[in-house]
Protein chains: 4
Amino acid sequence: MRAAEVPARGRIDKRQAILDAAFAVFARLGYEQACVREIAAEAGVAKPTVYNHMSDKEALLRESLLLAADRVGAQCLDAVERLRDPGADLPAALDDTARRLLRICAGETSHALRRLTSAQANRLPELVLDVRDRTGARTLDALTDRLGLLALSGKLSTTDPATAAEQFLALLTGPLENRSAQGTRKVAAAEQRAIAAAAVRTFWAAYGSGDRT
Amino acid sequence: MRAAEVPARGRIDKRQAILDAAFAVFARLGYEQACVREIAAEAGVAKPTVYNHMSDKEALLRESLLLAADRVGAQCLDAVERLRDPGADLPAALDDTARRLLRICAGETSHALRRLTSAQANRLPELVLDVRDRTGARTLDALTDRLGLLALSGKLSTTDPATAAEQFLALLTGPLENRSAQGTRKVAAAEQRAIAAAAVRTFWAAYGSGDRT
Amino acid sequence: MRAAEVPARGRIDKRQAILDAAFAVFARLGYEQACVREIAAEAGVAKPTVYNHMSDKEALLRESLLLAADRVGAQCLDAVERLRDPGADLPAALDDTARRLLRICAGETSHALRRLTSAQANRLPELVLDVRDRTGARTLDALTDRLGLLALSGKLSTTDPATAAEQFLALLTGPLENRSAQGTRKVAAAEQRAIAAAAVRTFWAAYGSGDRT
Amino acid sequence: MRAAEVPARGRIDKRQAILDAAFAVFARLGYEQACVREIAAEAGVAKPTVYNHMSDKEALLRESLLLAADRVGAQCLDAVERLRDPGADLPAALDDTARRLLRICAGETSHALRRLTSAQANRLPELVLDVRDRTGARTLDALTDRLGLLALSGKLSTTDPATAAEQFLALLTGPLENRSAQGTRKVAAAEQRAIAAAAVRTFWAAYGSGDRT
DNA sequence: CATGAATGAGGTTTCATTCAT
DNA sequence: TATGAATGAAACCTCATTCAT
């Protein structure tokens, strides 16, 4: 039993190592510039071993991006889910969620995902959509749910929680993209907090439940 | 006179043709996938002629992107400048500007610029910044100016026009990016109008001059 | 055992084949005119295989020249070493060595070595020196040793065996270069013998041990 | 008359400038590596102007080499002609000629000639011969004449002045080539004098007129 | 299953050379 | 006659991918 399991585990580990190496190299060099030899070297395996696990360089990109997208998406979901029980001070809860989302979106992984998908948008549009489903869209759906429930309970004032959610996220990612120059510059934590505060302020002005803070 | 002008004009035209062809091919295939032979063919010249005008494939990218960025930036600037004399109905003026900006940002040129710069963000960070200076940053600065003057004249309520401008643009580009899936899908004009309307509504809620509409 | 040896042997053979092909093509066309495709074809391998063994076209030149230089140098050394036991008739032994050296220096390999190193003397001066160390300098050192011992045993009359050796070789290579016009013409065996005879005559007049023959 | 001469003179000057530039660039980079653009730049003219004067890159090589060869040959001839009236001390006169020849052969022009002809020996054998006719062969013939006359007047002891001349030159150029490593190293004047002295000593031992010095 | 070796294809770039001015 | 611009050809090198071991 163990004897049969160990190689399977080893195989899975090797697959993980290859995908992680692939994402790292793709993020560093871009898809076309990255060469399979370097990915294999970074994963600590030989080049044909990569082809034993993944059929193609394109598959390598797809799988590694989807894996990274799942991780980022899970983090975003976690940040949004904290709005499930916002407590008395809803703006504070929104600010907390905003800061968490900004930290994720300002991370190197998020920028790499954006860059790699953008670069392939013409050649592999489904990949863009698949990644989007696992990150932005997933986050947006969850946030729409949260905001909808908050509206139902009277804590927010909107009849269109989808647009509200979209704008909440836009007020975060827009300024972040602007400040980071598409990931070229780092955005300091203090600046992230300022963005979050401004976003929450504007969002609350538009969707707050009547009582101005 | 004409006889002396023709060659210079011919040279300029050829340079223009090369840069236009370069942008078209880069936009279609991406930087690495694009090959100089195809650019030359699209420009109607021989391959070495391209190298007579531009030293490098990289220079070809840089020059063609900066040219496109200037064009897009000029359009954006024009849209923003319309806020100089907003008339009595400021929200309507904002809506008009918003629609114009959205139409520009939803265009193929804008998406290509975004994609091509993103893809080279690691290798050529200055290029990202140079393009940004000519498009987003320029637009943002102009909008900041406009909003600041409107605030001075009491038509808007904010002490931080830079953030207001940043958020105005974020409320446009964020949802647009979301709907278009990084340029993968077309965003219909009606949808663009809805985005603009929602953006102006939220913006006005936050920065309107007291009298709620 | 055999099964393990075969692949290594095969690799070595392929490397040998590549280097031999490289030398042949370089000798035929010169360094710049020679193209890697032709070398690969002559070696019976594909072009990238050449690059799998040698990093560069320049490395290809270097390695193939050094290999040929080692071969030529070994032949020259062998000719000189025959002076170790010259027998009673030293001029005859010198003549024998002279003829052997001339035959080597008149060979296509020697001329090719000279041409290829000369052509790269500005760009790759160390290569010139490395080849020289393995051919001329090596021969000169060995001959200096032989002549020095002969002088010690009273069979030659000189206190400067290095110069004697240098002149002995000069009396061979100088006229050979002159007659062959830098390798452009073949020098017949009879002509080689005449050169050798004249060289030995002059050498013996200058360094003979007193008794004229 | 002047009006007709001036352009002709200008044309000749331009041709000279082009040939000089060609030789300089060929000497610096080798034939294949040298590009016509650089030659034109060094000559201070435009590229097509070069082609107006010389039909080919190959003609450029040929003409510039022959010009340089004529110059070097004239210098050698001058050195040899000094043996026409050797005075009482013939070895001293030979030493003087030897030193002069060595200085010429150690010059950058001579080495460049050797390198450039060697490199093209396979492709352009006639060029090698033409250059040789204007340099080494011309010198050898003149020296043969001088030595023949000296032998007739009893100042030298040989019945084969051609071989004597060949060996005299060999005793100079052989050691020079050896020390300079095919022009890679400079050979100091003192070393040149030592080579000349040793050459004359050996030559005189073989061909001196009976009275040993 | 993992690997060293090999390959076919293709890209960027440079160069000698020639028109039109 | 001298030149700026243009071109056809070709070379080096790299890469993704596949056999034998």
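The structure presented is a predicted model; accordingly, all values stated were derived computationally and were not measured. Lettering of chains follows the sequences in order, A, B, ..., and the numbering in each one begins at 1.
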Quickly work out the [X] [atom1] to [N] [atom2] distance and round it to whole Å.
X: C:E38; N: F:dC12; atom1: CD; atom2: P; result: 10 Å
X: A:R15; N: E:dC1; atom1: CZ; atom2: C1'; result: 16 Å
X: C:D13; N: E:dA5; atom1: CG; atom2: P; result: 14 Å
X: D:L60; N: E:dC15; atom1: CG; atom2: P; result: 15 Å
X: B:Y51; N: E:dT13; atom1: OH; atom2: P; result: 4 Å
X: C:I18; N: E:dA5; atom1: CD1; atom2: C1'; result: 11 Å
X: B:M54; N: E:dT14; atom1: CE; atom2: P; result: 15 Å

Let me have the donor-acceptor pairs involving side chains of residues 29-45 of chain B, under 3.5 Å, with sequence neighbours excluded, atom names and distances please.
| unit_1 | atom_1 | unit_2 | atom_2 | d |
| --- | --- | --- | --- | --- |
| B:Y31 | OH | B:E58 | N | 3.3 |
| B:E38 | OE2 | B:R28 | NH2 | 3.2 |
| B:E42 | OE1 | B:R28 | NH2 | 3.0 |

Donor-acceptor pairs are to be reported for all side-chain atoms of residues 18-27 of chain D against protein atoms at under 3.5 Å, with residues two or more places apart or in another chain.
none

[atom1]/[X] to [atom2]/[Y] distance, rounded to the nearest 0.5 angstrom?
X: B:L67; Y: B:R134; atom1: CG; atom2: CZ; result: 10.0 Å
X: C:T184; Y: C:H111; atom1: OG1; atom2: NE2; result: 8.5 Å
X: B:E108; Y: B:L113; atom1: CD; atom2: CG; result: 10.5 Å

_Let's test your reading of the model: under 3.5 Å, does the base of F:dA6 pair with the side chain of B:N52 as donor and acceptor?_
yes
*Of B:D56 and C:G44, whose closest DNA chain E nucleotide lies nearer the 5' terminus?*
C:G44
Hey, does the side chain of [X] come within less than 4.0 Å of [N]'s phosphate (OP1/OP2), counting only N and O?
X: C:K14; N: E:dA5; answer: no
X: B:H53; N: F:dA6; answer: yes
X: C:T49; N: E:dA5; answer: no

*Non-neighbouring partners of C:A46 that pass side chain to side chain contact (heavy atoms under 4.5 Å, CB included), sequence neighbours left out*: C:P48, C:T49
*Does any non-hydrogen side-chain atom of D:Q120 lie less than 4.5 Å from one of D:L61?*
yes
_Residue among A:R115, A:Q182, A:R114 satisfying side-chain hydrogen bond (donor to acceptor under 3.5 Å, both in side chains) with B:S118_ = A:Q182
*Pairing annotation in dot-bracket form, given for DNA chain E with Watson-Crick or G-U pairs under 3.5 Å and | for cross-strand partners*: .||||||||||||||||||||
Please tabulate, for the side chains in residues 124-132 of chain A, all donor-acceptor contacts under 3.5 angstrom to protein atoms that are two or more places apart in sequence or on a different chain.
| unit_1 | atom_1 | unit_2 | atom_2 | d |
| --- | --- | --- | --- | --- |
| A:R132 | NH1 | B:N178 | O | 2.7 |
| A:R132 | NH1 | B:N178 | OD1 | 2.6 |

Can you check nucleotides 8-11 of chain F for protein contacts, nitrogen or oxygen pairs under 3.5 Å, and list what you find?
| unit_1 | atom_1 | unit_2 | atom_2 | d |
| --- | --- | --- | --- | --- |
| F:dA11 | OP2 | C:R37 | NH2 | 3.3 |

